[in-house]
Amino acid sequence: MQTVANFNFAGKKALVRVDFNVPLNERYEITDDTRIKATIPTIQKILKDGGSVILMSHLGRPKDGPTEKYSLKHLVTPLSIVFGIKVKFAPDCIGEEAAQLASELQAGEILLLENLRFYKEEEKGDEEFAKKLASLGNVWVNDAFGTAHRAHASTAVMGKFLQDRVSGYVMQAEIDNAKKILEFADRPFTAIMGGSKISDKILIIEQLLDKVDNLIIGGGMTYTFSLAEGGKIGKSISEPDKVDLAKSLLEKAKAKGVNLYMPVDNVVADDFSNSANRQTVNRGEIPDGWEGLDIGPKTIELFQKVVSESKTILWNGPMGVFEFPNFAKGTNAIADAVVKATEENGAFSLIGGGDSAAAINNAGYGDRVSYVSTGGGALLEYMEGKVLPGVAALEA
Ligand code: 3PG
Ligand code: MG
């Protein structure tokens, strides 16, 4: 596979697929720029070699073509600041204007194309569309690990219309770090799984049961496990149709000798809001009309102890509704413990993307763990053992 490190971009126009699907607030300001900052080394290398960069990304899931909310024009100024040069913008990712801007692009310059998903052809993996994109430059660089689980025109198809297909630094780092966890983990190896749905995490949990010593489960999905044990969960989020699945997972963990840890207490609320009334109750004893929104203090102590004794830590998914400061304590406490294990015991810690990356960054700990993944679904699918189309296209 060709990599950014060993490819000379002098005189080349590199079409770089990045995952700039970043969260924006109502003023279109970026609230977490992890994915953007991660691409700096790839882009700098190309520019330094004497190449130019054409950035391609999606933003959100636009349904009906161009939509203000999903326009990548909102990223032009922040990108210019991050890369230290004025980034040019093509208000349509294909067509005459894009072709003109691309052909005029000089070595050392960056051009950003408008949201690829304004064309339905992108998600369909349409060959004609991919060919049009490919015609704008002469090297395909895929650095969009976060979108590598999609077989879209820009992530998997356009490479075939260009002779040179190059894997970016983000792509490489993501795969190296995931492999470190899956194949070379120092023990004890602890996986911390959070989030609200068992159905989202079941495949990865099953894979991890063959690899980990400890499995900590927190977050909304634990209420389904409570149901499976006949506990009372009030109006907490749950998947009643996944109760059997929860039971079989408990049995599998036992059969494989994995130490399974679940909350022993919860902070519950009488409303889904930051200002709701709160109380702490034992697991499985949530009163009617109340819902669990965080793990409780005894759980924090239990989970922190397990984390502190670990040499490898994989964390994916928050412990509660961390977007509400009053219910972020559990998630922040786990972040604390992961940082401590990393800094004081030399543990290797990998934070899965999406919510967990946002949580670790919210806590101000982004650079105090071993690696924060830029992938959400992509990381999960990679760890589930699936072939990612974006990676396969580079290897082809
Ligand atoms: C993500 O954030 O999950 C990636 O950018 C992929 O986006 P998608 O889930 O809308 O395909
Ligand atoms: Mg996704």
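Note that this is a predicted model, so its numbers are computed, not measured. Order of appearance sets the numbers: ligands from 1, and atoms from 1 within every ligand. Computation of the quantities below employed the complete heavy-atom set of this structure, encompassing side-chain atoms and omitting hydrogens, waters and symmetry-equivalent molecules.
Using a 4.5 Å heavy-atom threshold, the side chains of Asp164 and Asn138 count as separate.
Among Arg165, Met171, Glu395, the one residue that satisfies the side-chain contact (heavy atoms from CB on, under 4.5 Å) test with Met1 is Glu395.
The cluster map of Ile, Leu, Val, Met, Phe, Trp and Tyr, joined by side-chain heavy atoms under 4.5 Å apart, puts Met319 and Ile233 in different clusters.
Close approach of ligand 1 to Arg117 is summarised as follows: ligand atoms under 4.0 Å from at least one heavy atom of the residue are 7 (O), 8 (P), 10 (O), 11 (O). Near Gly146, meaning under 4.0 Å from one of its heavy atoms, ligand 1 places the atoms 4 (C), 6 (C). Every atom of ligand 1 is numbered from 1 in the order shown, and the set under 4.0 Å from a heavy atom of Asn21 is 1 (C), 2 (O), 4 (C), 5 (O), 7 (O).
Ring pair Phe145/Tyr382 is perpendicular by interplanar angle, where above 60° counts as perpendicular and below 30° as parallel.
Annotation: atom 5 (O) of ligand 1 to nearest protein heavy atom, Asp19 OD2, 2.8 Å. For atom 10 (O) of ligand 1, the nearest non-hydrogen atom of the protein is Arg61 NE, 2.7 Å. The nearest heavy-atom contact from the protein to atom 7 (O) of ligand 1 is His58 NE2, 3.2 Å.
Remark: side-chain polar atoms of Trp290 are not paired, donor with acceptor, to backbone N or O of Asn277 under 3.5 angstrom.
Residue-to-ligand polar distances place Arg150 within reach of ligand 1: an N/O pair is separated by less than 3.5 Å.
A heavy-atom separation below 4.0 Å is not found between Gly376 and ligand 1.
Of the heavy atoms in Glu123, none comes closer than 4.0 Å to ligand 1.
Of all the heavy atoms in Val4 and Val166, the pair that sits closest is N-CG1, 3.3 Å.
Using a cut-off of 4.0 Å between Lys/Arg side-chain N and Asp/Glu carboxylate O, Lys201 and Glu239 are scored as not salt-bridged.
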